[in-house]
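Single-structure report; data block below.
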Amino acid sequence: MGIVGSDVAKDAADMILLNDNFASIVDGVEEGRLIFDNLKKSIVYSLTSNIPELSPFIAFIVLQIPLPLTTILILLIDLGTDLLPAISLAYE
């Protein structure tokens with residue numbers, strides 16, 4: 001506890017509450033869960049959107065066909081198309 005807690009307890013704690021209200025713990029846990037869910041959504045979106053971009057490289061290695069796009073071009077496409085949706089999922 002931030003106000004009533006002893007100095008020993010404050011030194012041993014990883015996190016100290018600035019007030020003695022337990023509702024702030026509930027709010028903090030809810031906010032942490034929301035951030036974790038948004039992070040999972042962003043990771044899943046990024047992984048699923050990059051699988052179609054990896055398939056030409058796999059076909060290039062396995063079937064020895066020429067590459068339709070260069071690596072730099074694919075990175076620029078990623079930057080333009082994946083950045084804004086991933087940011088919107090993170091701040092949902």
Side-chain angles (χ1 to χ4, degrees):
M1 302 296 276
I3 297 171
V4 185
S6 66
D7 290 332
V8 175
K10 290 178 185 177
D11 289 338
D14 290 332
M15 180 172 51
I16 300 172
L17 295 177
L18 296 177
N19 58 8
D20 289 337
N21 188 2
F22 283 110
S24 59
I25 295 173
V26 174
D27 292 339
V29 169
E30 288 176 357
E31 187 72 24
R33 288 179 180 167
L34 180 66
I35 290 171
F36 183 71
D37 288 339
N38 289 343
L39 186 62
K40 284 193 314 187
K41 289 177 191 175
S42 295
I43 291 171
V44 167
Y45 172 76
S46 296
L47 289 177
T48 56
S49 68
N50 287 334
I51 289 173
E53 294 170 0
L54 288 175
S55 59
F57 289 104
I58 295 171
F60 170 72
I61 293 170
V62 175
L63 303 175
Q64 298 295 320
I65 61 173
L67 283 175
L69 299 173
T70 63
T71 307
I72 301 297
L73 188 57
I74 287 181
L75 287 173
L76 289 174
I77 291 170
D78 276 346
L79 185 64
T81 60
D82 290 347
L83 188 64
L84 292 176
I87 289 173
S88 68
L89 285 174
Y91 287 108
E92 185 178 279

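Below, each value reflects all heavy atoms present in this structure, side chains not excepted, and no hydrogens, waters or symmetry copies.
Atom CG of Asp78 is separated from atom OG1 of Thr81 by 5.5 Å, given to the nearest 0.5 angstrom. Taken to the nearest 0.5 Å, the CD1 atom of Ile77 stands 12.0 Å off from the CD1 atom of Ile72. In this structure, the separation between CD1 on Ile74 and CG on Leu79 is 13.5 Å, given to the nearest 0.5 Å.
Val44 places none of its side-chain heavy atoms less than 4.5 Å from the side chain of Lys41. A 4.5 Å side-chain heavy-atom check between Pro85 and Tyr45 finds at least one atom pair inside the cut-off.
Within the hydrophobic cluster formed by Ile, Leu, Val, Met, Phe, Trp and Tyr side chains joined at under 4.5 Å, directly or through other members, Leu39 is accompanied by Ile43, Leu47. Cluster partners of Ile58 are Val62, Leu63, Ile65, counting Ile, Leu, Val, Met, Phe, Trp and Tyr whose side-chain heavy atoms approach within less than 4.5 Å, directly or via other members.
Scanning both residues, Ser49 and Ser46, for their nearest heavy atoms gives OG-O, 3.2 Å.
Cluster membership check: Phe57 shares its hydrophobic cluster with Leu73, using side-chain heavy-atom separations under 4.5 Å among Ile, Leu, Val, Met, Phe, Trp and Tyr.
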